[in-house]
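The chains referred to below are lettered A, B, ... by the order of the sequence lines, with proteins before strands, and numbering in each begins at 1.
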Amino acid sequence: MTKPAGLSSIDLRSTPFDLSQTLGCGQVFHWRTHGAGWLGTVGDEPLYAEQRGARLFVPAGCELLARRYFALYHPLEEFGATFPEDEAMRAARDFCCGLRIIRQPPWECLATFITSALKQVAHIAQISHTLRERFGRRVVWNDVPLYTYPAPERLAALSESELRACRLGFRAKNLLGAAKMVASGEMDLMRVAALPDAEALVELCRLPGVGPKVANCALLFGFERPRAFPIDVWIERVLRRIYFQRKRKVTARRLREFSASYFGPFGGYAQQYLFHHARMTQKRGGS
DNA sequence: CTCCAGGTTCCGG
DNA sequence: CCGGAACATGGA
C-alpha cells in the first residue's frame with residue numbers, strides 16, 4: 001500500500017471507521033471531496049483526510065486533530081451493543097458501520113442547525129459555504145482556499161439584510177439574534193457545556209430559532225452528548241412507522257418520551273443511524 | 001404548477 | 001397540552 005506524499009497514516013484496524021458516511025450523513029455540511037479524499041476545516045484549521053481501507057491519511061502533524069475530531073476513540077461496538085434489538089435498528093446499525101458522530105465546535109454546529117430549519121441537506125450546505133466565504137476567515141491548504149465558520153462576534157456585527165443575501169430567508173433573524181446573544185455573553189456556550197443534558201437543552205432553547213430539535217442536534221454533534229435524540233421529519237416517520245404501527249394520534253410529546261428511553265444511553269448514535277439509513281434507502285415519504 | 005425540506009413560534013381550543 | 005398556520009427559498 002503506497003502512502004500519499006506528505007501524509008501520515010492513522011491505523012484503523014482496531015476500530016471501524018467510514019470517512020465518507022461520517023462526513024456525508026448530514027451531521028456536518030461543509031466538507032467537500034477533493035481528489036481521493038475530503039477537504040474541510042476543524043475550527044480554524046484546514047484538514048485533508050483520505051481513507052484507504054483500514055488506514056486514514058492526514059497531513060503530518062494533524063493526527064491528533066483528526067483523531068479527536070473524528071472521535072476515533074469512540075468504541076462503536078460497545079455503543080451498538082446498547083441499541084434496542086429490533087429489526088429496523090439492526091438494519092440501520094449494519095448499514096452505518098463505521099459512521100461516527102464527530103466532535104464539531106459548538107458554535108458552528110449550533111449556528112449551522114439554526115440555518116437548517118425547513119431546508120434540505122444540500123441547501124444547508126450551500127448556506128454554510130456562502131456564510132463561510134463571505135464572513136469567515138480564509139485559510140489555505142496546498143493552494144486550495146478554505147473558509148472557517150464566522151465567529152458569533154462577526155455575525156453579530158452584520159445586518160439582517162446581509163444575512164438574507166446569503167439566502168437564509170426567515171432564518172436570518174434567528175441566526176443574527178443567536179449570534180448577538182452569544183457574542184454579548186448573554187448565552188455562554190462554555191457554561192452550557194458544563195450543564196447536564198436536560199438543563200443544557202432548556203438553556204439552548206432560549207436562543208431564537210432554537211427549539212428541541214435544533215438544540216438536540218447541537219448537543220449531539222457539538223457538545224458530545226451521545227444520548228441527545230433530535231426528532232426531525234425523517235426520524236418522526238421512522239418512529240411512527242416502525243414503533244407505533246402508523247397509529248394516528250401519536251403526539252410529539254409521546255414520540256419524545258419514547259425515544260428518550262427506548263434507545264438508551266447512546267440514543268443519539270442510534271438516531272443518526274436510523275436517520276442516515278432511512279434517507280439513503282427511502283428517498284422521500286416511502287413506506 | 002405543486003409539494004416538501006434535519007423547525008420554531010405564535011395563536012386559539 | 002394540542003393542532004394549525006406563517007415563515008423564505010430552491011430542488012424534485
Can you work out whether Ser116(A) or Leu207(A) has the more 5'-proximal nearest nucleotide on DNA chain B?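 First, find each residue's nearest nucleotide; the 5'-ward one identifies Ser116(A).
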Residue whose nearest DNA chain B nucleotide is more 5′ - Val210(A) or Ile231(A):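 It is Ile231(A), whose closest nucleotide lies nearer the 5' terminus.
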Expressed in angstrom and rounded to an integer, what is the separation of [X] atom [atom1] from [N] atom [atom2]?
X: Phe170(A); N: dC10(B); atom1: CZ; atom2: C1'; answer: 14 Å
X: Glu160(A); N: dC7(C); atom1: CD; atom2: P; answer: 14 Å
X: Leu163(A); N: dC7(C); atom1: CG; atom2: C1'; answer: 17 Å
X: Asn174(A); N: dG7(B); atom1: CG; atom2: C1'; answer: 10 Å
X: Ile124(A); N: dG7(B); atom1: CD1; atom2: C1'; answer: 11 Å
X: Gln120(A); N: dC3(B); atom1: CD; atom2: C1'; answer: 11 Å
X: Ile127(A); N: dA5(B); atom1: CD1; atom2: C1'; answer: 11 Å
X: Leu255(A); N: dC2(C); atom1: CG; atom2: C1'; answer: 13 Å

Taking any heavy-atom pair under 4.0 Å as a contact, classify [X]: base, sugar-phosphate, or nothing.
X: Glu236(A); result: nothing
X: Gly209(A); result: sugar-phosphate
X: Leu220(A); result: nothing
X: Arg171(A); result: base

Measure from the side chain of [X], starting at C-beta and using heavy atoms only, and say which of [options] lies closest.
X: Val214(A); options: dC7(C), dT9(C), dT8(B); answer: dT8(B)
X: Arg167(A); options: dC2(C), dG10(C), dC7(C); answer: dG10(C)
X: Val233(A); options: dC7(C), dA5(B), dT8(B); answer: dA5(B)

Spell out, as yes or no, whether a donor-acceptor pair under 3.5 Å connects the side chain of His123(A) to the backbone of Lys119(A).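 It does not hold such a pair.
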Is it true that Phe221(A) and Phe113(A) have ring centroids separated by less than 6.0 Å?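 So the answer is yes for these two rings.
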Kindly indicate whether the side chain of Lys119(A) and the base of dT9(C) share any N or O donor-acceptor pair separated by less than 3.5 Å?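 Such a pair exists between side chain and base.
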Under 30°, 30 to 60°, or over 60°: which ring-plane class applies to [X] and [Y], parallel, tilted or perpendicular?
X: His276(A); Y: Phe95(A); result: tilted
X: Phe83(A); Y: Tyr273(A); result: perpendicular
X: Phe258(A); Y: Phe263(A); result: perpendicular

Rounding to the closest angstrom, what is the interatomic distance between dC11(B) and dA8(C) at atom P?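 Nearest-Å result for dC11(B) against dA8(C) at atom P: 16 Å.
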Go through it in stages, so that I can follow the logic: the residues are Arg164(A) and Glu162(A), the test is salt bridge (charged side-chain N to carboxylate O under 4.0 Å, His left out), and I'd like the CA-CA distance, side-chain angles, deciding distance and then a yes or no. CA-CA 5 Å; Arg164(A) 287 219 173 221; Glu162(A) 284 176 293; over 6 Å; no
Hey, is the side chain of Arg164(A) poking within less than 4.0 Å of OP1 or OP2 on dA8(C), counting only N and O atoms?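 For dA8(C), OP1 or OP2 has a side-chain N or O of Arg164(A) closer than 4.0 Å.
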5'-most contact on DNA chain C: Ala117(A) or His123(A), nearest heavy atom basis?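 It is Ala117(A), whose closest nucleotide lies nearer the 5' terminus.
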